[in-house]
Enquirer: 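Just passing along the structure, written as structure tokens.
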Amino acid sequence: MKTKDKSESSWNLSPAPESTDHIQLKKRYEHFINGKFVKPVKGKYFATINPATEVKLAEVAEGTIEDVNKAVNAARSAYENVWSVMPALERAKYIYRIARMIQERAKEFAIIESLDGGKPIRESRDIDIPLAANHFFYHAGWADKLEYAFPNKNPQPLGVVGQIIPWNFPLLMASWKIAPALATGNTVILKPAETTPLTALKLAELIQDSGLPDGVVNIITGAGETGAAIVNHPEINKIAFTGSTQVGKIINKTVAGTQKKVTLELGGKAANIIFEDAAIDQAVEGIVNGIYFNQGHVCCAGSRLFVQESIFETVVKKLKHRLESLIVGDPLDKNTDVGAINSKEQLKTINDYIEIGKQEGALMYQSSCTLPSKGNWCKPTLFLNVSQSHTIAQEEIFGPVLAIQTFRTIEEVISKANNTPYGLSAGVWTDKGSKIFNLTHQLQAGVIWANTYNKFDPASPFGGYKESGLGREGGLHGLAAYLNLK
Ligand code: NAP
Ligand code: MG
């Protein structure tokens, strides 16, 4: 394939990297248990790497069952003696304070998020960190109003909750999990993903500074085994998991037959549907945002595009043109659109899918950008000549790879869009409100965006149909999932 050098590309902006001078990272991070940073019982650590440079950022404790035991004891004691007996209004003040402190330290969090995870600074600065603060603000407001949210239901906390999160929105997922748990009077043990633990550990420092009572939030780092130790722990009352469908199924089996409650936010294979009456330029921007945003590391990524046949040529031409202008590279550069792939393993998964796509007969087109020589990178990619049975149209790739198909009628596109084991999200682009309502009633997806994409709000419940999950997070539905209701 022909590659262009940077000077030939349509955008040739001077580098505008965010400074990292003021970022303070320790060489080594311990677990956060009972309000203190404590060494892992087995004394083991692992490295967290900057995926854009392959430079080691810090060492992080590897959690074992012994560490989880300690955290559960701390969380249980904090639950019984402090948090569940504290007046709700006082709980609200702590949650509100955490929200304010995230805002105050927003820049530091945004830079660390981009360093550790590879996402463009524009996204961590404008999306991840503000939304993380919003989750705390929103839930601070509910803490003393649960009686009104659930009238005559005598809302009571569950106890100690275990929360396990993925690497695509590290601080946002942590906030999304911790804020509702605290607002409802529960205490927490959170495990961030192995490749992106740093903002959760920074949040632990912030929580320490906030004066939140010891043991209310505990953060244990580690890999899948650490997560499994949390899931298996008999003293935990609820598991809240966000991650792959594969691990979600294991967790669901493990907790079946126990007293544990569970919510699962899992994978997706969203359909983005564009009708001939749509505002095409706006739709193309939305499609690009839907799949190339955060390198496609988004559970809701609009990874399947359905284009009405009459506008197929136009849409593909515009998409290819737009692909060429996407700036791929340094996540810390404020102009960057597409950052680094989160890990070597994920890059391999994506590249394997691209290979399968080609082998199965789909036609690949990639941006002609030049990729940095070090780090994990993938060119924004689209596939034409895709059919429903193609692997790239069926399985979650979790990378910047779009599979494009066409349709003629509404009935056809609904049946194609629903023909997947997943059902997390979908997008519809049309000028007609009636079409939007028709589709939102028939598409099997937890979230459906119309003439926009990837918009999130703490007040809005979020979750999947079919193999995309169990239960809802966010809004009143999300609060209910952390309560015993009569
Ligand atoms: P993953 O492999 O399932 O991991 C998610 C978390 O679970 C990580 O913290 C992981 O630790 C841990 N884990 C792994 N094996 C475990 C086990 N047996 N028991 C308990 N915990 C275990 O998912 P991922 O690759 O990090 O994230 C990508 C997936 O998340 C995609 O499928 C995506 O669609 C989904 N996702 C869904 C949503 C949603 O809201 N529905 C949001 C974001 C992402 P390690 O880090 O050590 O593996
Ligand atoms: Mg990392």
Side-chain angles (χ1 to χ4, degrees), residues 46 48-49 60-65 68 116-117 119 128 131 135 162-177 189-198 200 219-233 236 239-255 260 262-270 293-303 341-350 353 395-399 420-425 445-447 454 456 460-474 478:
F46 62 95
T48 186
I49 310 285
V60 175
E62 190 177 317
T64 56
I65 177 81
V68 173
D116 202 18
K119 68 171 63 195
D128 295 61
L131 258 178
H135 273 271
Q163 307 182 318
I164 300 166
I165 55 172
W167 42 261
N168 57 344
F169 292 93
L171 183 72
L172 178 56
M173 287 295 126
S175 308
W176 180 300
K177 292 271 185 284
I189 297 136
L190 174 99
K191 189 199 91 70
E194 192 181 342
T195 57
T196 53
L198 290 180
I219 297 180
I220 305 260
T221 45
E225 297 75 51
T226 317
I230 294 175
V231 173
N232 286 308
H233 202 291
I236 290 180
I239 298 293
F241 172 80
T242 298
S244 61
T245 294
Q246 187 193 359
V247 174
K249 284 182 180 173
I250 299 174
I251 292 178
N252 211 10
K253 277 188 197 143
T254 311
V255 301
K260 280 190 192 105
V262 66
T263 46
L264 304 170
E265 297 280 355
L266 310 176
K269 190 75 188 169
F293 166 61
N294 199 19
Q295 298 73 250
H297 297 338
V298 185
C299 50
C300 318
S303 53
I341 300 300
N342 184 268
S343 65
K344 284 243 171 308
E345 295 71 38
Q346 187 58 25
L347 180 59
K348 182 176 180 315
T349 304
I350 298 168
Y353 275 115
E395 296 183 12
E396 185 183 44
I397 300 174
F398 223 57
T420 158
Y422 294 112
L424 192 57
S425 59
V447 187
N454 275 338
F456 303 95
S460 158
F462 183 89
Y465 277 54
K466 300 194 275 189
E467 293 194 11
S468 285
L470 198 71
R472 294 290 178 266
E473 293 190 323

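Both counts, for ligands and for their atoms, begin at 1 and track the order of listing. It should be emphasised that the depicted structure is a prediction, and the values quoted were computed from it without experimental measurement.
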Enquirer: Atoms of ligand 1 less than 4.0 Å from Phe241 heavy atoms?
Expert: 3 (O), 5 (C), 6 (C), 7 (O)

Enquirer: So which heavy atom in the protein is nearest atom 10 (C) of ligand 1, and how far is it from that ligand atom?
Expert: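 Checked against all protein heavy atoms, atom 10 (C) of ligand 1 sits closest to Lys191 NZ, 4.0 Å.
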
Enquirer: For atom 14 (C) of ligand 1, which candidate among Pro192, Gly162, Gly224 provides the closest heavy atom?
Expert: Gly224

Enquirer: So if I count the atoms of ligand 1 from 1 in the order they appear, which ones are less than 4.0 Å from some heavy atom of Pro166?
Expert: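 Once the distances to Pro166 are compared, the set is 26 (O), 27 (O), 43 (C), 44 (C).
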
Enquirer: Out of Val247, Thr242, Ile164, Ile251, indicate the one that has the non-hydrogen atom closest to atom 18 (N) of ligand 1.
Expert: Val247

Enquirer: Which of the atoms in ligand 1, numbered in the order shown and given with their element, are less than 4.0 Å from a heavy-atom of Gly267?
Expert: 32 (O), 34 (O)

Enquirer: Is any heavy atom of the protein nearer than 4.0 Å to atom 24 (P) of ligand 1?
Expert: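 Within 4.0 Å: yes, protein heavy atom nearby.
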
Enquirer: Ignoring angles and geometry beyond distance, decide whether Thr195 reaches within less than 3.5 Å of ligand 1 through its nitrogen or oxygen atoms.
Expert: no

Enquirer: Quick one: nearest non-hydrogen protein atom to atom 3 (O) of ligand 1, plus distance?
Expert: Ser244 OG, 2.6 Å

Enquirer: Relative to atom 41 (N) of ligand 1, which among Asn168, Leu190, Ile239, Leu266 owns the nearest non-hydrogen atom?
Expert: Leu266

Enquirer: Checking Lys348 now: which residues fulfil salt bridge (Lys or Arg N to Asp or Glu O under 4.0 Å) with it, not counting sequence neighbours?
Expert: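 Testing Lys348 for salt bridge (Lys or Arg N to Asp or Glu O under 4.0 Å), a comparison that skips the adjacent residues, returns Asp352.
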
Enquirer: If the test is side chain to side chain donor-acceptor pair (under 3.5 Å), which one of Asp116, Thr221, Thr196, Thr195 qualifies with Thr48?
Expert: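 The passing option is Asp116.
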
Enquirer: Between Ile165 and ligand 1, which residue portion shows a heavy-atom distance shorter than 4.0 Å: side chain, backbone, both, or neither?
Expert: backbone

Enquirer: Side chains of Ser303 and Lys269: closer than 4.5 Å at any heavy-atom pair?
Expert: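 They are in contact (side-chain heavy atoms under 4.5 Å apart), so the answer is yes.
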
Enquirer: Which atoms of ligand 1 sit under 4.0 Å from any heavy atom of Gly243?
Expert: 3 (O), 5 (C), 23 (O), 29 (C), 30 (O), 32 (O), 35 (C), 36 (N), 37 (C)

Enquirer: Compute the shortest N/O to N/O distance between Glu396 and ligand 1 and return yes if it is under 3.5 Å, no if not.
Expert: yes

Enquirer: Using every non-hydrogen atom in the two residues, find where Leu190 and Ala200 come nearest and quote the distance to one decimal.
Expert: CD2-CB, 4.3 Å

Enquirer: Could you find the nearest protein heavy atom to atom 36 (N) of ligand 1 and give me its residue, atom name and distance?
Expert: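 Going by distance alone, atom 36 (N) of ligand 1 is nearest to Cys299 CB, 3.5 Å.
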
Enquirer: Would you mind telling me if ligand 1 is within reach of the side chain of Phe398, the backbone, both or neither, using heavy atoms under 4.0 Å?
Expert: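 Side chain only.
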
Enquirer: Taking all non-hydrogen atoms of both residues into account, name the closest pair between Glu467 and Thr245 and its distance.
Expert: O-OG1, 2.9 Å

Enquirer: Is Lys344 close to Leu347 at the side-chain level, that is, under 4.5 Å between some pair of heavy atoms?
Expert: no

Enquirer: Which ligand 1 atoms, with their elements, are less than 4.0 angstrom from a heavy-atom of Gly227?
Expert: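 Atoms satisfying the 4.0 Å criterion: 19 (N), 20 (C), 21 (N).
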
Enquirer: Check Gly268 against Ser468 and note the closest heavy-atom contact, atom names and distance.
Expert: CA-OG, 4.0 Å

Enquirer: Would you check if Leu172 and Leu131 make a side-chain contact, meaning some heavy-atom pair closer than 4.5 Å?
Expert: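 Of all side-chain heavy-atom pairs linking Leu131 with Leu172, at least one is under 4.5 Å.
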
Enquirer: Minimum heavy-atom separation for Lys119 to Phe169, with atom names?
Expert: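 Looking at all heavy atoms of both residues, the shortest contact is NZ-CD2, 3.3 Å.
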
Enquirer: What are the two closest heavy atoms between Gly243 and Pro166, and how far apart are they?
Expert: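 Shortest heavy-atom separation between Gly243 and Pro166 comes out as CA-CB, 4.3 Å.
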
Enquirer: Could you give all pairs that pass the side-chain hydrogen bond (donor to acceptor under 3.5 Å, both in side chains) test and reach residues 166-177, with sequence neighbours left out?
Expert: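 Pairs touching residues 166-177 that pass the test: Trp176-Glu473, Lys177-Thr242, Lys177-Glu473.
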
Enquirer: In terms of residue, atom name and distance, what is the protein heavy atom nearest to atom 46 (O) of ligand 1?
Expert: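 Looking at atom 46 (O) of ligand 1, the protein heavy atom closest to it is Glu194 N, 2.7 Å.
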
